[in-house]
Amino acid sequence: MAILLSATAFAQDRTRLPMTPPDVPKFTELDARNAEAPPPWSVRAPEGAPNVVLVLIDDMGFGHSSAFGGPIPMQTADALAEEGLRFTRFHTTALCSPTRAALLTGRNHHSNNMGSITESATAFPGNTGIIPESSATIAEVLKLNGYNTAQFGKNHETASWEVSNSGPFTRWPVYRGFEKFFGFMGGETNQFYPAVYDGTTKVEVDSEDPDYHFTEDMTDQAIAWMKSQKSLTPDKPFFMYYAPGATHAPHQPPASYIDRFKGKFDDGWDAYRETTLARQIEMGIVPEGTQLPLKPEFIKDWDALSDLEQEIFARQMEIFAAFAEHTDDQVGRLYTAIEELGIAEDTLFIYILGDNGASPEGVANGLLNENTYFNGVEETLDEVAQQLDKLGTRESFSHFAAGWAVAGGTPFKWTKRIASNFGGTRNGMIVVWPGHVSQPDAVRDQFSHVIDIAPTIFEAAKVPAPESVNGVKQKPIEGFSMIGTFSNPEAPEFHKTQYFEIVGNRAIYHDGWVAATVHSEPWADAPRATLENDTWELYNVDEDFSESNDLAAEQPEKLEELKALFMSEAEKYNVLPIDDRTIERLDAKTAGRPSLMEGRKSLTVYDGMYRMMENAFIDVKNQNSTYTAEVEVDEGASGVILAMAGKFGGYSLYMMDGKPAFTYNWVGKEQYDIVSEKGVPPGEHTLRFEFAYDGGGLGKGGTLSIFIDGEKTGEGRIENTNAFMYSLDEGADVGFDEGTNVSDNYGIAVHDNKFAGKINFVRIDVE
């Protein structure tokens, strides 16, 4: 007797993921010819579920792009805005890792334990840097609902001490729902010498090609993946997260873009703010009557600058504009591929122009090497001027002056890291979804936040936010779907209350009002006051778009009401206790977070190990250290034995013309070379490099001694050392120096600096 099973018997429960096949009754029929097989069961996306492409640009201000009134021509953003909607009151968290965690989960950044970047995680809930399993990502949910998923570009959401060959990999993209990942794991990367992973495997790119650029490479990868996916499974929707490292420092456009903006910013940042605001009003991006707040006192008037300062600063902005235009062109390549595949009508395309406000980390004068900022080392104006032609090239790791960050946030006052002002949290967003936008080329001004993206995508894909994923009960989604605004410009405000907090800078939005305090300016050495004694401001942002009229003195009761609401939301979402430390938190021991090297005083590494990131390597900074290498060499051996980081800061021990040598590269400013007076005879030998730290504080100098088989053969001074970090994107290599070269004494290409001999081991010991 045949048992008949209807397709409806296989209905899928999407609230508990992964979905499981239904029970099938046992058959009693002996012969399969006399029985009817049950219909195949598989996980399928809901009928009509669209492809979803989520684009996130890095470190771009609200007033940068032409699509939101800025002076940087971004033709792709302009064209997409004409097809879709501009959201002018969309908000981020003021810092990259927190925004990205919130974006991909629909939960607030402290709910995700991402109160700051992963490299400054602490032991407190809300700041551990570990996204909990109860916060499944968009990718996880959509994959388990029948989508293919892929991520290209920047991650920066994985606990920093877990980025190594030892993992664990459970918080890497490919274990958080992305079937394909091609990108980098940290907060930034060198566009010409990137640290790229495919899945969990480090891959080499053709960085010796003078035309190589990472943003172009990741775009090629994204297009190839999309074409393959649609070729094989044209009816299966995909979710793509496309997150370039641009326009985060280092500002590195291709050479062909660099001179496009020559002279375009000679009028300076004050004129930039005024002309940008005028365009924003004309375009309907901001309301008539919007005023420019006064700049922070730290930012000088352009007219008060010297001719040299103006020349340097204008060039910095030319480089950034070139970088931004190039990035937008790559987004254009991606969208053109979507159109050529004939799937644009079936694709929800979300283009977010910045994960926070424009970056002020270039401080007063801008930087040739951003690494100086992270180590508290000053770059003088003369130093920048002498190497101005290097900006934007492979010879720099550059950043613009903070005045351009303020200008890039027009019409607001502040920048990235200032969660208390929309200049740090307001970013333009464009949504294109043909057939679902009632009035293309329109503006939407409902308050929205990065946590609203996940529920919006879920509604578009016709899937619920799951109650459990992989057996883990899920936290409720804390954002709200924005889809109602796609067809109705008058849709009521759906997101009425939202807190903001980054390193003590904090604010609360509620029903058109904002209470905020700037606890610590981004360029300051210390906060303005203690957390208890901060001065709060009050704005009616329904009437004062740019937060230019502080009403705190006029309406103290309203201010106190909102301050109390902030504390209530802060308790609810794990914001407390607030930690206002900044650079100090880059040190794992100081911050109290785990370290792969926790408690270890010695590490032995072997030939061929490479790109061991600083957070997964033994820390030698601010203390005595010894490097012992057992090697086998021929006459006149050369090449790198061990190198940490590269051209913009690091150290290297190597052989040069048969002699052991050591280079300490101090934040790219000074290269201290110590070379043995004697060569190493052919055969097996033990080389030792001992660094005696001067002490007396952080970043001090010391004496480096070289020994061959126990005999001292060289000594020299290293006057300064990196106090806090070497690099966010280059790690340690054994047997060669990948990426950029620490020392000018050997070539940048691996085949030019590879060790000519055998390395049995290298042991690093610290006191």
Side-chain angles (χ1 to χ4, degrees), residues 14 17 43-57 76 80 83-85 87 90 99-100 102-106 136-153 173 176-183 218-219 221-223 225-230 233-244 331 334-339 341-353 355 429-437 448 450-466 469 477 479-487:
R14 298 181 186 272
L17 301 176
V43 174
R44 294 178 179 272
E47 187 71 24
N51 307 304
V52 179
V53 177
L54 180 57
V55 176
L56 181 66
I57 304 301
T76 301
L80 291 174
E83 288 187 42
L85 300 170
F87 285 79
F90 178 77
T99 288
R100 292 160 194 271
L103 173 72
L104 288 181
T105 66
T137 67
I138 298 169
E140 286 179 288
V141 173
L142 294 188
K143 182 185 76 171
L144 295 173
N145 273 286
Y147 273 67
N148 284 131
T149 58
Q151 177 179 346
F152 300 92
R176 293 304 308 267
F178 289 104
E179 296 165 321
K180 168 74 173 181
F181 170 63
F182 181 88
M218 63 169 275
T219 306
Q221 293 279 338
I223 292 171
W225 178 86
M226 182 174 61
K227 286 181 175 179
S228 176
Q229 193 272 343
K230 282 303 170 192
T233 51
D235 297 327
K236 187 175 185 178
F238 67 79
F239 169 59
M240 179 190 294
Y241 177 37
Y242 175 96
V331 178
L334 179 64
Y335 197 77
T336 296
I338 290 172
E339 292 178 315
L341 285 170
I343 59 174
E345 298 294 316
D346 303 315
T347 301
L348 168 59
F349 196 93
I350 301 172
Y351 190 0
I352 303 174
L353 294 157
D355 57 350
M429 181 174 70
I430 298 165
V431 172
V432 179
W433 195 12
H436 296 267
V437 172
S448 55
V450 68
I451 60 175
D452 299 331
I453 296 299
T456 300
I457 290 174
F458 293 159
E459 184 172 352
K462 305 176 184 178
V463 302
V469 175
I477 294 290
F480 306 88
S481 174
M482 306 167 66
I483 281 186
T485 65
F486 293 3
S487 58

Contact summary for [X] and [Y], nearest pair of heavy atoms:
| X | Y | result |
| --- | --- | --- |
| Glu345 | Pro434 | OE1-CB, 3.3 Å |
| Ala461 | Pro46 | O-CG, 3.4 Å |
| Pro455 | Gly106 | CD-CA, 4.5 Å |
| Ala344 | Glu339 | CB-CG, 4.1 Å |

Report yes if the side chains of [X] and [Y] come closer than 4.5 Å at any heavy-atom pair, otherwise no.
| X | Y | value |
| --- | --- | --- |
| Thr219 | Tyr242 | yes |
| Val52 | Pro237 | no |
| Tyr335 | Val55 | no |
| Ile457 | Phe239 | yes |
| Phe486 | Thr456 | yes |
| Leu334 | Met226 | yes |
| Leu144 | Val43 | no |
| Ile57 | Tyr351 | yes |

Side-chain ([X]) to main-chain ([Y]) donor-acceptor, under 3.5 angstrom:
| X | Y | value |
| --- | --- | --- |
| Thr347 | Phe349 | no |
| Asn145 | Ala45 | no |
| Tyr147 | Pro50 | yes |
| Thr149 | Gly177 | yes |
| Gln229 | Lys236 | yes |
| Thr137 | Arg176 | yes |

Nearest 0.5 angstrom please: [X] [atom1] to [Y] [atom2], how far?
| X | Y | atom1 | atom2 | value |
| --- | --- | --- | --- | --- |
| Ser481 | Ile453 | OG | CD1 | 9.5 Å |
| Gln151 | Gln221 | CD | CD | 13.5 Å |
| Lys180 | Met240 | NZ | CE | 11.0 Å |
| Ile223 | Phe152 | CD1 | CZ | 10.0 Å |
| Tyr241 | Ile138 | OH | CD1 | 9.0 Å |
| Asp452 | Ile477 | CG | CD1 | 10.5 Å |

Open item on the list: Under the side chain to side chain contact (heavy atoms under 4.5 Å, CB included) test against Val53, which residue among Ile338, Leu348, Ile350 passes?
Closed with: Ile338
TODO: Give the intermediate values and the outcome of side chain to side chain contact (heavy atoms under 4.5 Å, CB included) for residues Met482 and Val431.
DONE: CA-CA 11 Å; Met482 306 167 66; Val431 172; 5.9 Å; no
TODO: Kindly say whether the aromatic ring centers of Trp225 and Phe238 come within a distance under 6.0 Å.
DONE: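 Yes, close enough.
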